[in-house]
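Have a look at the structure below, then the notes.
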Protein chains: 2
Amino acid sequence: MSILTHLIPNIKHISICANGLFPTNTEVIARLKNGSPIIACDGALNAMSKHGIVADFAIGDGDSLDRDKLKDFIKNPYIQIDDQNTNDLTKAINFIAENYGCNQSILIFAATGLREDHTLGNIALLEQYSTQFKQIAMLSDFGILEALPAGTHRLNSVIGQQISFFCFNQKTEISCEELKWPLVNKNFLALNHGTLNQATAAHINLESNGSVIVFRAFEVKY
Amino acid sequence: MSILTHLIPNIKHISICANGLFPTNTEVIARLKNGSPIIACDGALNAMSKHGIVADFAIGDGDSLDRDKLKDFIKNPYIQIDDQNTNDLTKAINFIAENYGCNQSILIFAATGLREDHTLGNIALLEQYSTQFKQIAMLSDFGILEALPAGTHRLNSVIGQQISFFCFNQKTEISCEELKWPLVNKNFLALNHGTLNQATAAHINLESNGSVIVFRAFEVKY
């Protein structure tokens with residue numbers, strides 16, 4: 001079994017492709033292709049078309065897209081939403097909530113890696129959606145960023161794997177034992193204080209009283 | 001004058017090269033090369049050597065480096081610091097404070113763009129150093145992320161340029177008029193709430209009562 005399949009089992013999910021760095025890892029791309037439906041954020045269609053991926057829906061303000069050129073890569077008419085108060089990722093997420101409900105697993109691709117403000121903004125959004133859907137995570141060439149709501153969670157890991165925890169609310173306390181530096185009711189006073197821990201088991205049990213973003217790297221150090 | 005030179009004048013600075021996505025923009029690379037001194041975070045030497053850049057110092061825990069292969073690309077002996085509580089960027093910053101003092105302009109390269117946990121951690125660190133040095137900023141192919149302490153700041157901009165503000169402390173209030181969506185004593189309740197504003201003048205005047213990270217994109221939309 002590949003590390004990706006171990007970390008995040010290949011269950012039915014909805015794929016969203018944003019307009020950041022398109023993955024090169026073939027297994028990550030395959031996971032994008034397996035989404036049902038596949039939703040493209042606006043200009044993401046450009047990158048998807050180069051990989052022969054056809055989106056079920058494309059959503060956005062239409063400002064980064066040559067629609068004529070890309071019409072063969074969208075199954076349904078383009079959904080234009082001009083609201084400038086929300087970005088294209090938010091528009092895609094809202095579309096899912098309205099049309100598919102919230103009992104969904106959502107995987108988001110190409111949401112990071114290019115412009116730093118898009119990366120930070122998208123990760124901040126991910127945290128805000130943690131309580132809304134059954135599962136919501138970003139996949140990149142580098143690992144899995146997963147938004148977890150308050151509660152207890154069991155996540156698969158690999159011994160030696162670097163794991164980072166991000167709490168946007170500094171009051172959030174998390175506990176997790178299966179780590180090189182175990183956490184006990186720990187709150188992080190800065191966003192970097194929970195980074196670069198390391199798993200000591202094939203799964204970790206995480207408990208928190210608030211939303212947490214967990215990053216599990218594909219890179220494993222022994 | 002190029003947009004980079006307009007946004008951030010080419011004054012004497014110290015360059016730090018981290019181990020993230022190495023820039024491809026030749027002007028950004030030239031700015032890295034112009035640093036005095038140039039400090040490499042550990043494995044950053046690999047990417048620098050491919051561009052023929054010789055570091056004055058290389059600092060880190062030595063775990064991502066083939067020193068024999070790279071000895072022609074460091075002027076001074078490698079500075080190994082095994083402290084696992086700080087990452088290589090922190091080690092480089094501390095080295096500058098100790099050896100050059102804090103009245104310095106520091107430009108950091110390749111600090112974002114690959115692993116999301118490194119990106120987030122490095123940007124969080126940038127904010128923490130905002131009050132320590134005369135100037136501290138990250139340059140990438142996509143723009144300038146600059147850490148500003150509480151107070152008033154005049155930053156160069158381009159009309160139509162996308163500008164994003166990030167406050168890690170939600171109580172921080174910022175004001176800035178020269179924007180498509182002007183800010184008046186505004187505090188952002190989430191990290192994405194200050195993103196994707198747009199400059200309406202060739203400079204912006206920013207006032208805040210806490211540290212702010214400002215991102216000025218090279219991409220300009222009209």
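Note that these values count all heavy atoms, side chains included, but never hydrogens, waters or copies made by symmetry. Per chain, numbering begins at 1; letters A, B, ... match sequence-line order.
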(message) Tell me which of these, A/Ile123, A/Leu191, A/Asp117, has more heavy-atom pairs under 4.5 Å with chain B than the rest.
(response) A/Asp117
(request) Apply the test side-chain contact (heavy atoms from CB on, under 4.5 Å) to residues A/Arg115 and B/Leu196: give CA-CA distance (whole Å), side-chain angles for both, the deciding distance (0.1 Å), then the verdict. (result) CA-CA 11 Å; A/Arg115 271 181 48 177; B/Leu196 305 187; 3.7 Å; yes
(request) Answer whether the closest heavy-atom distance between the side chains of B/His118 and A/Phe142 falls below 4.5 Å. (result) no
(request) Pick one of side chain, backbone, both or neither for B/Phe165, based on which atoms fall under 4.5 Å of a heavy atom in chain A. (result) neither
(request) Taking atom types as modelled, find out whether B/Thr119 and A/Glu116 have a side-chain donor-acceptor pair closer than 3.5 angstrom. (result) no
(request) Name the member of B/Thr195, B/Thr112, B/Leu114 that forms the most heavy-atom pairs with chain A at distances under 4.5 Å. (result) B/Leu114
(request) Would you give the length of the straight line joining atom CD of A/Gln84 to atom NZ of B/Lys180, rounded to the nearest 0.5 angstrom? (result) 4.5 Å
(request) Answer whether the closest heavy-atom distance between the side chains of A/Gln170 and B/Gln170 falls below 4.5 Å. (result) no
(request) Classify the side-chain pair A/Asn192/B/Gln128 by whether it contains a donor and acceptor separated by less than 3.5 Å. (result) yes
(message) With a strict 4.5 Å heavy-atom criterion, list every residue of residues 209-217 of chain B that contacts chain A, or say none.
(response) B/Phe215, B/Ala217
(message) Only pairs of heavy atoms separated by less than 4.5 Å count here; which of B/Met138, B/Glu127, B/Glu219 has the most with chain A?
(response) B/Glu219
(request) Below 4.5 Å from any heavy atom of chain B, which atoms of A/Phe166 appear? Answer side chain, backbone, both or neither. (result) side chain
